[in-house]
Amino acid sequence: MPGQYARLRDDRGLMPGAVDELLRYIPVMNGVVVLQAVKDFELHGQRIHTGDAVLPVLAAANRDERVFTDAERLDLCRTDNPHLTFGRGAHNCIGAHLARAQMTVCLEALLDRFPALHLPHGHFPTWDDESPSKSPLTLPVGW
Ligand code: HEM
């Protein structure tokens, strides 16, 4: 995200929106919420029966072009951001506010301590694709 780090470093007022955009873009947890259908219905041509387990892919929902303008782009200034990273409805994540506060504290410290943090040219993170949680296996950085 060239430029976006510097933008956040120089304008901390962007922080609340930036935290939610980061949560949208890389939702951390994926495929760990299993829902159970309480009635028969059809979804995209697929018949779901009462009692069926449904595994929503939150990361895909968060990149839905019908909901998010330019969904594939990380935009720390995005304002309308109804992402599903913390779920939705009665069992919406009870720790969402704590998670946001922790991310804010960590990002503030990182921006203060490493103002020029960047991915070295030609280097990219590698991701753990085996796990339902989205986490980097390697994260090369320069500062
Ligand atoms: C970035 C960090 C986090 C993410 C991405 C996350 C994500 C989620 C998701 C997707 C759900 C399921 C929502 C649903 O079923 O609709 C959930 C539920 C839950 N989360 Fe989190 N969570 C995070 C941090 C936390 C923290 C810090 C706590 C507690 C301190 C927490 C406690 C819970 C609990 C207790 C539930 C179950 C709520 C219920 O079933 O009513 N989470 N979380």
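Along the sequence shown, residues are numbered consecutively beginning with 1. The structure displayed is predicted, hence computed values, not measured ones. In listed order, ligands and their atoms are each counted from 1.
Close approach to P27 involves these atoms of ligand 1, each under 4.0 Å from a residue heavy atom: 5 (C). Atoms of ligand 1 lying under 4.0 Å from at least one heavy atom of R88, given by number and element, are 16 (O).
No more than 12 heavy atoms of other residues, nucleotides or ligands lie within 6.0 Å of CZ in R7, so this atom counts as exposed by the packing criterion. More than 12 heavy atoms of other shown residues, nucleotides or ligands fall within 6.0 angstrom of atom CZ in R47.
Atoms CG and NE2, from L35 and H91 in turn, are 9.5 Å apart once rounded to the nearest 0.5 Å. The CD1 atom of I26 sits 12.5 Å away from the OG atom of S133 when rounded to the nearest 0.5 Å.
Listed by chain and number, the hydrophobic cluster partners of I94 come to none, as no ILVMFWY side chain reaches under 4.5 Å of it.
Nearest protein heavy-atom contact of atom 30 (C) of ligand 1 is L98 CD2, 3.6 Å. In terms of protein heavy atoms, atom 12 (C) of ligand 1 is closest to V33 CG2, 3.6 Å.
Looking at residues two or more places apart in sequence or on another chain, you find a side-chain contact (heavy atoms from CB on, under 4.5 Å) between F41 and A37, L43, I48. With sequence neighbours excluded, no residue forms a ring pair (Phe, Tyr, Trp, His ring centres under 6.0 Å) with F124.
Relative to the six-membered ring of F68, R24 meets both conditions, a distance below 6.0 Å and an angle of at most 45° to the axis.
The cluster map of Ile, Leu, Val, Met, Phe, Trp and Tyr, joined by side-chain heavy atoms under 4.5 Å apart, puts V67 and L74 in different clusters.
Residue G89 places no heavy atom under 4.0 Å from ligand 1.
Residue contacts with ligand 1: T85 is placed with no nitrogen or oxygen under 3.5 Å of a nitrogen or oxygen of the ligand (distance criterion only).
Around atom 21 (Fe) of ligand 1, protein atoms of type N, O or S found under 2.8 Å number 1.
Checking M103, H91, H83, H97 against atom 39 (C) of ligand 1, the nearest heavy atom belongs to H91.
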